[in-house]
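For reference, the structure is listed below as structure tokens.
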Amino acid sequence: MNLMTTVILITIALSTILATISFWLPQMNPDQEKLSPYECGFDPLGSARLPFSMRFFLVAILFLLFDLEIALLLPLPWGDQLPLPLISFSWATFVLTLLTLGLIYEWMQGGLEWAE
């Protein structure tokens with residue numbers, strides 16, 4: 001058997017075993033909360049127009065922004081393998097400086113405060 005056939009057979013066998021175990025393993029104990037259409041903590045019978053905290057929204061957006069920064073900087077360790085690594089490091093420094101200045105601005109404006 002060649003390598004490709006072996007890899008495909010192992011992949012199919014492992015997927016089948018894991019799918020079979022996933023049907024047997026969980027305990028099915030449905031209760032009123034699990035059977036309700038909403039599991040997010042809101043009352044499903046109440047109004048859908050509940051007030052939403054704008055502070056929470058702003059902090060969530062900032063979290064996503066800095067999470068994106070980490071995703072953009074992940075390939076940076078491999079940047080020293082490029083013919084001109086100084087270009088990638090200078091762009092990374094520019095991105096970090098820009099985001100740090102944005103964080104300082106948000107901090108000075110009070111955007112990171114939960115309560116006033």
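- Ser15 places no side-chain N or O within donor-acceptor distance of the main-chain N or O of Ile12, the cut-off being under 3.5 Å.
- A side chain to side chain contact (heavy atoms under 4.5 Å, CB included) with Thr20 is found for exactly one of Leu18, Ile17, Thr16, namely Thr16.
- Under a hydrophobic clustering in which Ile, Leu, Val, Met, Phe, Trp and Tyr are joined whenever their side-chain heavy atoms come within less than 4.5 Å, directly or via other members, Ile87 and Phe94 fall into the same cluster.
- A pairwise comparison of heavy atoms in Asn2 and Thr6 identifies O-OG1, 3.0 Å as the closest pair.
- In this structure, CG in Leu73 is found 13.5 Å from CH2 in Trp91, a value given to the nearest 0.5 Å.
- Scanning both residues, Leu76 and Ser88, for their nearest heavy atoms gives CD1-O, 4.1 Å.
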Identify all side-chain donor-acceptor contacts of residues 95-108 below 3.5 Å with residues at least two apart in sequence or on another chain.
residue: Thr97; atom: OG1; partner: Thr93; partner atom: O; Å: 2.7
residue: Thr100; atom: OG1; partner: Leu96; partner atom: O; Å: 2.6

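- The closest side-chain heavy-atom distance from Thr5 to Leu9 is below 4.5 Å.
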